[in-house]
Undergrad: 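My questions will all concern the structure given below.
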Amino acid sequence: MRGVPVVLIGGTSNVGKSTVAQVVAERLGFAYRSTDQLARHPGRPWRTAERAVPEHVAEHYASLPVDELITSVLDHYARLWPRIEELVTAHAAGAEGAATGLLLEGSALRPGRVAGLTVPRVAAAWLTAEPSVVRARVRTAGRHAAATSAGRHLMDMSPSRGCLLQAVAVLRL
């Protein structure tokens with residue numbers, strides 16, 4: 001990785017991007033950042049130990065069919081892309097004042113967009129996972145067994161959306 005100031009790790013929600021990215025960033029001595037820190041859409045629709053589900057998030061996921069949820073998140077990623085490109089470009093040029101490299105991860109790092117970057121010396125990977133792995137990760141994180149029936153429904157919808165987004169990304173490569 002000598003001479004590579006920026007590493008991008010993309011993938012759909014719950015494939016393990018953050019886990020992998022944090023380990024890789026530590027081993028490389030790079031700063032770690034998530035695209036969720038730039039803007040989040042609209043958040044996970046299940047309760048975690050750290051936070052409850054805001055009402056508007058639950059409503060967003062409960063009221064829209066899967067195809068509209070996918071369109072909504074892809075539109076969000078398109079709006080977020082200029083900020084991502086600016087961050088990557090600035091960091092690769094050394095403008096971020098960084099003495100170390102940057103590892104940026106997030107589901108907004110779509111393969112087609114990343115492949116179109118004209119910034120030199122940027123490495124990228126797209127993580128995937130079997131639907132059963134994504135489903136298990138969502139259920140564990142959301143404490144599926146202890147959730148309300150509405151909460152379980154929202155958790156059970158999420159892997160389907162993620163797998164469709166993953167398939168769309170792979171088909172567009």
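Fair warning: this is a prediction, and the values are worked out from it, not measured in the lab.
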Undergrad: Which distance, rounded to the nearest 0.5 Å, do you find between the OG of Ser34 and the CD1 of Ile9?
TA: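 If we round to the nearest 0.5 Å, Ser34:OG and Ile9:CD1 are 11.0 Å apart.
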
Undergrad: Testing the basics here: between Pro5 and Ala92, what is the closest heavy-atom pair and its distance to 0.1 Å?
TA: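 Scanning both residues completely, I find the closest heavy atoms to be CG-CA, 3.8 Å.
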
Undergrad: Out of curiosity, Gln37 CD to Leu87 CG, how far, rounded to the nearest 0.5 Å?
TA: 10.0 Å

Undergrad: To the nearest 0.5 Å, how far apart are CG in Asn14 and OG1 in Thr19?
TA: 10.0 Å

Undergrad: Side chain of Ser72, backbone of Glu68: donor and acceptor closer than 3.5 Å?
TA: no

Undergrad: Would a hydrophobic clustering, with Ile, Leu, Val, Met, Phe, Trp and Tyr connected at side-chain separations under 4.5 Å, put Val20 with Val133?
TA: no

Undergrad: Using every non-hydrogen atom in the two residues, find where Tyr77 and Arg110 come nearest and quote the distance to one decimal.
TA: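 That would be CD1-CD, 3.6 Å.
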
Undergrad: Looking at every non-hydrogen atom in both residues, tell me the closest pair between Arg79 and Pro82 and how far apart they are.
TA: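 Closest pair (atom of Arg79, atom of Pro82, distance): O-CD, 3.3 Å.
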
Undergrad: Any chain of hydrophobic side-chain contacts (each under 4.5 Å) joining Phe30 to Val23?
TA: no

Undergrad: So, for Gly106 and Thr35, which heavy atoms are closest and what is the spacing to 0.1 Å?
TA: CA-OG1, 3.3 Å

Undergrad: For Arg113 and Ala78, which heavy atoms make the closest approach, and how far apart are they?
TA: NH2-CB, 3.5 Å

Undergrad: Distance only, no hydrogens: is a donor on one side chain within 3.5 Å (strictly under) of an acceptor on the other, for Tyr32 and Glu105?
TA: yes

Undergrad: Checking Arg33 side chain against Leu102 main chain: does a donor-acceptor pair fall under 3.5 Å?
TA: no

Undergrad: Sequence neighbours excluded, which residues qualify as side-chain contact (heavy atoms from CB on, under 4.5 Å) partners of Arg83?
TA: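 With sequence neighbours excluded, Arg83 shows a side-chain contact (heavy atoms from CB on, under 4.5 Å) to Leu38, Ala39, Leu80, given in chain and number order.
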
Undergrad: Got a sec, which residues hit side-chain contact (heavy atoms from CB on, under 4.5 Å) with Val88, two or more places apart in sequence or on another chain?
TA: Val6, Leu8, Ile84, Leu104, Leu117, Val119, Val122

